[in-house]
Amino acid sequence: MSAMEPDLSVELAGLKLANPVMSASGTFGYGTEYAPYLDCSRLGAIVTKAVTLEARAGNPPPRVRETPAGMLNSIGLQNPGVEAFIAEKLPPLREFGVPIIVNISGQRIEDFVRLAERLSQADGVSALEVNISCPNVEHEGMFFGTDPELTARLVAAIAETSAAPVIVKLSPNVTDIVEMSVAAQQAGADALSLINTLLGMSIDVEARRPHLGNVTGGLSGPAIRPVAVRMVYEVAQEVDLPLIGMGGIMTARDALEFILVGATAVGVGTANFVEPASTVRVIDGLAEYCRRHGVPRVADLVGALEGT
Amino acid sequence: MPRAVAELLHREQAAPGHYLLQLRCPEIAADAKPGQFVHLRLSEGLEPLLRRPFSIMRTEPREERIWLLVQVVGSGTGLIATHDEGTVYDLLGPLGRGWRLPRANETALLVAGGVGVAPLIFLADALSVSDLGVYVRSLFGAATNEALVCWTEFAGRCNEFTTATEDGSAGEQGLVTEVLARELERGDADRVYACGPPGMLVEVARLCAEYDVPCQVSMEQWMACGVGACLGCAVPSAKGPQEYVRVCTEGPVFDTTEIAWDRMRP
Ligand SMILES: Cc1cc2nc3c(=O)[nH]c(=O)nc-3n(C[C@H](O)[C@H](O)[C@H](O)COP(=O)(O)OP(=O)(O)OC[C@H]3O[C@@H](n4cnc5c(N)ncnc54)[C@H](O)[C@@H]3O)c2cc1C
Ligand SMILES: Cc1cc2nc3c(=O)[nH]c(=O)nc-3n(C[C@H](O)[C@H](O)[C@H](O)COP(=O)(O)O)c2cc1C
Ligand code: FES
């Protein structure tokens, strides 16, 4: 059979990935939490929870709530800060032997630049993923990712500093995601990932108050998949950068929707909570699809959508 | 590997709206410690999507069985009420940090509120077969007589047993924490173990601090992953004004001094 084994490898922003499946930021801890449940060395890449310059406490509980075919979260950016990340979290992550992509977040452009300086040189960091779905304290809390000019300035500053490839993670909470993706491309992004969570809210009607301690939160899971697929499709038409598609991927079939509309790789998030081995199941399912359709390389499927 | 499949051997209504589940699950029956929980997938579809956490009520390692006690409160627990014997569940577990056992010859005061009795039955069971010589005195409170769910299983594993109901339909009339206050005043309890609704735990923690008796509580919080990865199950930690701990990993059993009770959502 080995001669028939499909080639699952893909190239993305100069990274060679054994397969296109990675964990989505914030849903896979720092890898070790899930190590008892799956062989993490099989992942195409591991994307970490957001790292900030200083330690962050995160939002008041409750922080998660199930909603129809999805969930809301308001974790906030709880993390131990960049130095503790490098000292404590990175060494065990390196042991998995797969590319490590570090998700970074900040409140001002300067924060991101310093994070990029520090992390892009750190041993074992393959790329940075820039979380632009966060408020900018210098612009009255306006989200970096909702303004093309702000996005461009942020990305340009990071791209100039970073020794590692820069992946920009786009927010879906915008009127025109294509505009943001073009801004990120022009500013020097090496790849784009999309989508982050959709802003949402749910209410405990008996208690007449929001379920989440933070009032609103980010919606993820199968409920957002059609929105995410549409956004990847639209962005793929307009930019030349490789895309990492995510939003509600539970199975290889779901991942293929993203790949067919133009994603080079995919992120699996909420599904990990439901089935810890979701990522490897998606990998196996992609291989099975390729065999069944006589596709020699999964890369051949990227953007292979017909009938549009 | 901390995951397993479990076959539902027997389901019975333990009280209105409460189900006692007997599951065949050799791995968890062998490994689980009192106070740990399982994270159960209730459907292969999308409703409910996330797993649901339940304390382990009892294990029978030789018979390869575990017991769960489930109160129906919503869609996921509602599904359990419809599951037939033979249903196979996918579960993660045993998860979390359980009760730290008392020292030899101590007197342990176990305080249960409603369905919170489940992890305390496991503790009482472990103490009753241990050679620690611990004297177990238990207090069980609920709104009504009917909600004193599985009280015979609990009582049978304790040296002394007192019940309290809010409507007076069984035992003393009043809150279990009122009985606890009296017991603490008596002064012969070496440590307290409690599980129940959030309001009860806040009061238990307050009383034990007042009487300076070490106390552990099993806490609840909505969970996503159950394994420490999502940071969803945070509760306020006493370590600092903005610190949190994870119920699924550092808990569900905490020493009351580990929790910032004043920052708990009312
Ligand atoms: C460590 C731990 C151990 C638990 N042990 C038991 C047990 O032994 N027996 C038992 O019956 N229940 C236990 N619970 C609570 C149980 O997990 C919830 O009742 C269950 O998840 C609700 O699911 P649902 O789909 O029926 O409710 P949903 O439809 O999701 O919600 C219905 C109602 O239940 C409340 N609720 C939902 N999740 C929780 C939660 N995690 N904690 C408290 N309230 C919640 C919601 O506020 C809502 O009002 C435990 C929870 C934790 C965290
Ligand atoms: C609990 C949780 C925490 C998350 N944390 C982050 C984060 O720190 N940084 C980030 O860029 N995205 C974060 N995300 C967004 C996910 O990476 C992903 O973009 C989104 O959930 C959509 O994918 P999914 O539907 O497969 O979960 C988080 C999502 C969840 C559910
Ligand atoms: S439920 Fe995910 S960290 Fe506890």
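Keep in mind that what you see is a predicted model, and the values were worked out from it rather than measured. Here is the naming used below: chain letters follow the sequence lines, and residue numbers restart at 1 for every chain. Atom set for the values below is all heavy atoms of this structure, side chains included, hydrogens, waters and symmetry mates excluded.
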Keeping the roles fixed (side chain from E66(A), backbone from L50(B)), state whether a donor-acceptor pair exists under 3.5 Å. yes
Just verifying a value: how many Å separate N272(A) CG and C225(B) SG, rounded to the nearest 0.5 Å? 9.5 Å
Using a cut-off of under 4.5 Å for heavy-atom pairs, which of S237(B), G45(B), G240(B), G232(B) has the most such pairs with chain A? G232(B)
Residue L72(A) versus chain B: region with a heavy atom under 4.5 Å: neither
Among S75(B), C233(B), A224(B), G226(B), residue most engaged with chain A (heavy-atom pairs, under 4.5 Å): A224(B)
On the six-membered ring of W222(B), is R63(A) placed so that its NZ or CZ lies under 6.0 angstrom from the centre and within 45° of the ring axis? no
Do the non-hydrogen side-chain atoms of R51(B) and P276(A) ever get within less than 4.5 Å of each other? yes
Nearest atoms (heavy-atom pairs only) where P61(A) meets Y244(B): CD-CE2, 3.4 Å
Is P222(A) close to chain B through its backbone or its side chain, or both, or neither, when contacts mean heavy atoms under 4.5 Å? side chain
Using heavy-atom distances under 4.5 Å, tell me whether F28(A) contacts chain B through its side chain, its backbone, both, or neither. backbone
For Q221(B), is it the side chain, the backbone, both, or neither that has a heavy atom closer than 4.5 Å to a heavy atom of chain A? side chain
M223(B) versus chain A, heavy atoms under 4.5 Å apart: side chain, backbone, both or neither? backbone
Exceeds 12 heavy-atom contacts within 6.0 angstrom, atom CD of E54(A): no
Please determine whether side chain to side chain contact (heavy atoms under 4.5 Å, CB included) holds for the pair L49(B) and F273(A), giving the CA-CA distance in whole Å, both sets of side-chain angles, and the decisive distance to 0.1 Å. CA-CA 9 Å; L49(B) 180 67; F273(A) 306 151; over 6 Å; no
Should E243(B) and Q78(A) count as side-chain neighbours, where that means a heavy-atom distance under 4.5 Å? no
As an exercise: rank G31(A), P68(A), A69(A) by heavy-atom pairs under 4.5 Å with chain B and give me the winner. A69(A)
Charged N to carboxylate O under 4.0 angstrom, R3(B) versus E275(A)? yes
Heavy atoms of other groups near E146(B) CD, more than 12 under 6.0 Å: no
N59(A) side, atom CG; L231(B) side, atom CG - distance, nearest 0.5 Å: 11.5 Å
Leading residue by heavy atom contact count with chain A [cutoff under 4.5 Å; candidates P236(B), C230(B), A229(B), A234(B)]: A229(B)
Residue from A223(A), P60(A), G213(A) scoring the most non-hydrogen pairs under 4.5 Å with chain B is P60(A)
